Amino acid sequence: MKILAVETATDACSAALLWGGEIRLRYQVLPRGHTDLVLGMLDELLAEAGIRPPDLDAVAFGRGPGSFTGVRIAAGVAQGAAFGAGLPVVPVSTLAALAQRAYREWGAQRVAAAFDARMQEVYWGCYQLDGQGLMAETLGEQVAAPDQVTPPEGAGWLGAGSGWAVHGALLTRRLEACLSGVTPDLLCSAEDIARLGAAGFEYGRALPPEQAAPVYLRNQVAKKPSRVSGR
Amino acid sequence: MLTLGIETSCDETGVALYDGDRGLLEHRVYSQIATHAEYGGVVPELASRDHVRKTLPLIQELLHGARIARSEIGGVAYTAGPGLVGALLVGAAVGRSLAWSLGVPAVAIHHMEGHLLAPLLEPDPPAFPFVALLVSGGHSQLVEVAGLGRYKLLGDSLDDAAGEAFDKTAKLLGLPYPGGPELARLAEQGDSGRFRFPRPMTDRPGLEFSFSGLKTFALNTLDAVRREEGEISAQSRADIARAFEQAVVETLVIKCRRAVKQARCQRLVLAGGVSANRRLRAAMTEAMQKEGVRTDYPRAEFCTDNGAMIAHAGWLRLKAGERSGLGFGARPRWPLEEMRPPGGSGEW
């Protein structure tokens with residue numbers, strides 16, 4: 001299986017190529033530099049492997065939540081790259097990918113992932129390791145005030161992501177005894193998008209490229225004026 | 001080279017296919033007016049969200065309609081600015097990545113260059129050099145066009161763009177968004193003799209525009225009529241619309257007459273959304289005829305934002321060898337004077 005993965009929703013811009021069970025990664029923390037970097041990363045990965053886009057099976061992308069613009073860049077790149085090569089896309093949750101990284105790097109089997117969503121809210125999701133070594137969602141993703149997030153059940157949860165950096169005290173109070181530790185600096189990586197994307201592809205979760213849609217979680221983004229006319 | 005053009009700078013998703021031999025093959029525009037109407041103006045985040053949903057399906061529909069396989073695409077052009085940054089980035093990301101995946105060149109296009117070259121899409125196109133009046137919701141500019149990428153700004157708006165003045169005055173008149181075309185329709189019923197609006201900055205030399213005063217003048221006129229009539233009648237509203245439109249049209253005509261004289265140019269090109277205005281076209285054509293100047297404008301659907309003008313400008317630049325790198329940053333503010341004739345690999 002050959003999966004190309006792209007992730008631009010958080011401060012790190014990254015791309016990964018999964019090929020023959022091995023993952024090659026390009027990863028750089030450069031806020032606002034994603035558009036300069038991401039295609040170059042994809043290009044290098046394929047050149048190194050000596051393959052072209054049509055040789056791939058699918059393009060996986062971090063579908064959010066995260067920066068609205070960043071999520072759209074990932075979706076747009078996935079759409080263009082996949083359509084040009086006649087490939088399907090596999091949307092992967094950025095929160096799940098963060099949890100997957102926490103497992104990969106910290107051995108965490110239960111992860112409470114939180115990204116800072118500004119406006120005194122966090123993007124929130126809880127993930128638990130399944131039998132295949134993949135992080136699976138235990139309750140639906142949400143955007144909520146840190147003291148209103150749905151806490152996971154049981155103990156031994158690792159708090160991960162920028163939400164813990166900004167709202168650590170409130171989240172810790174909310175989770176109380178569930179929590180075993182916190183790693184607030186962990187960022188999302190395309191390596192985990194590739195791994196989860198490959199699983200999604202195997203489970204038949206690939207979509208035609210035009211259906212590569214962002215998941216924002218926050219959908220109330222504009223207020224309607226009480227009076228439109230100036231009469 | 002068969003060029004795919006993608007335009008997503010504001011609230012319209014536009015795509016088109018242009019080819020040197022066959023000209024414009026096909027184009028599609030998806031307008032987001034319905035999305036923004038209830039907010040009384042463009043909401044940038046909603047515009048971006050719509051673009052990322054619509055761009056690729058529209059490209060697929062375009063290819064299907066033109067009976068073109070994606071493998072036949074020889075190059076991709078996308079609007080990189082100026083415009084709403086989030087909206088621009090959608091078209092840039094999709095367009096640049098598609099070109100990369102197809103293994104074909106890409107080129108980043110200046111939105112206003114697309115507009116000012118749009119009359120070249122028509123039969124019997126004007127030859128260089130010409131003076132262009134770019135009038136839209138975001139711009140009121142007079143530009144001397146010596147050739148592709150050779151632009152000299154002759155005059156600009158000091159405040160509101162012409163289209164912006166139309167939209168704001170329409171709002172004062174209680175017209176639904178987007179008000180410009182609605183105002184023009186209302187003006188049809190208006191009496192041109194009842195009110196007289198000023199012709200801003202025509203009493204002094206120069207090619208600058210200022211339209212924000214007209215909106216204030218409309219407000220004051222409305223207040224005066226309200227004091228007189230109590231409730232403002234439909235006829236009064238139409239009369240104000242007519243007087244406003246007349247003032248904008250005459251101001252633009254006066255400045256264009258000056259501009260073609262100053263540039264010693266025999267051709268004038270109108271472009272941008274406001275150039276679809278019928279009275280402006282008629283008045284300008286008549287005034288220019290008297291000066292011995294030929295006036296060209298794009299068909300109405302290419303006055304507003306569209307993919308055809310981007311495919312066309314992109315084809316011109318790709319044909320001349322211009323290539324954009326793999327980075328696809330957007331430039332929300334991008335002065336037209338920074339444009340250059342086609343070169344090698346651009347920074348954008």
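In the text below, chain A, chain B and the rest are named by the order of the sequence lines, each starting its count at 1. Computed from a predicted structure; not experimentally measured. The analysis underlying the following values was restricted to heavy atoms, covering all of them including side chains, and did not include hydrogens, waters or symmetry mates.
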### Set of salt bridge (charged side-chain N to carboxylate O under 4.0 Å, His left out) partners for Arg52(A), sequence neighbours left out
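Partners of Arg52(A) by the salt bridge (charged side-chain N to carboxylate O under 4.0 Å, His left out) criterion come out as none, since no residue qualifies.
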### Least distance between heavy atoms, Ser101(B) atom then Gly80(A) atom
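Closest heavy-atom pair between Ser101(B) and Gly80(A): CB-O, 3.9 Å.
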### Query
Minimum heavy-atom separation for Leu46(B) to Ala222(A), with atom names?
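It is CD1-CB, 4.3 Å.
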Pick one of side chain, backbone, both or neither for [X], based on which atoms fall under 4.5 Å of a heavy atom in chain B.
{"X": "Pro208(A)", "result": "neither"}
{"X": "Leu46(A)", "result": "side chain"}
{"X": "Leu56(A)", "result": "neither"}
{"X": "Val38(A)", "result": "side chain"}

Identify which part of [X] has an atom lying under 4.5 Å from any heavy atom of chain A, answering side chain, backbone, both or neither.
{"X": "Val43(B)", "answer": "side chain"}
{"X": "Ile59(B)", "answer": "side chain"}
{"X": "Leu63(B)", "answer": "side chain"}

### Task
Mind checking ring-ring contact (aromatic ring centres under 6.0 Å, His included) for Phe195(B) and listing every partner two or more places apart, or none if nothing turns up?
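With neighbours one apart ignored, the set is empty.
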### Query
Heavy atoms, side chains only, cut-off 4.5 Å: are Arg96(B) and Thr35(A) in contact?
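With C-beta onward as the side chain, the pair stays apart.
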### Message
Using side-chain heavy atoms (C-beta onward) and a distance below 4.5 Å, is Val94(B) in contact with Phe83(A)?
### Response
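Not in contact.
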Around atom [atom1] of [X], are there more than 12 heavy atoms from other residues, nucleotides or ligands closer than 6.0 Å?
{"X": "Arg24(A)", "atom1": "CZ", "answer": "no"}
{"X": "Glu338(B)", "atom1": "CD", "answer": "yes"}
{"X": "Gln120(A)", "atom1": "CD", "answer": "no"}
{"X": "Tyr103(A)", "atom1": "OH", "answer": "no"}

#### Entry: Spacing of CG belonging to Leu37(A) relative to CG belonging to Leu326(B), to within rounding of 0.5 Å
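That separation rounds to 11.0 Å.
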#### Entry: Spatial distance of atom CZ (Phe328(B)) from atom CG (Leu39(A)) [nearest 0.5 Å]
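Going from the CZ atom of Phe328(B) to the CG atom of Leu39(A) covers 5.5 Å.
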### Leading residue by heavy atom contact count with chain B [cutoff under 4.5 Å; candidates Thr69(A), Ile73(A), Asp43(A)]
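Most heavy-atom pairs within the cutoff with chain B belong to Asp43(A).
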#### Entry: Closest-packed option against chain B by number of heavy-atom pairs under 4.5 Å, given His34(A), Arg72(A), Arg32(A), Glu210(A)
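Highest number of pairs under 4.5 Å: Arg72(A).
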### Query
Hey, which of Pro57(B), Gly86(B), Ser48(B) has the most heavy atom pairs under 4.5 Å with chain A?
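Option with the top pair count is Ser48(B).
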### Task
Using modelled atom types only, decide if a donor and an acceptor are shared between the side chain of Ser97(B) and the backbone of Ala81(A) within a distance under 3.5 Å.
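Checking the backbone N and O of Ala81(A) against the side chain of Ser97(B), no donor-acceptor pair under 3.5 Å is found.
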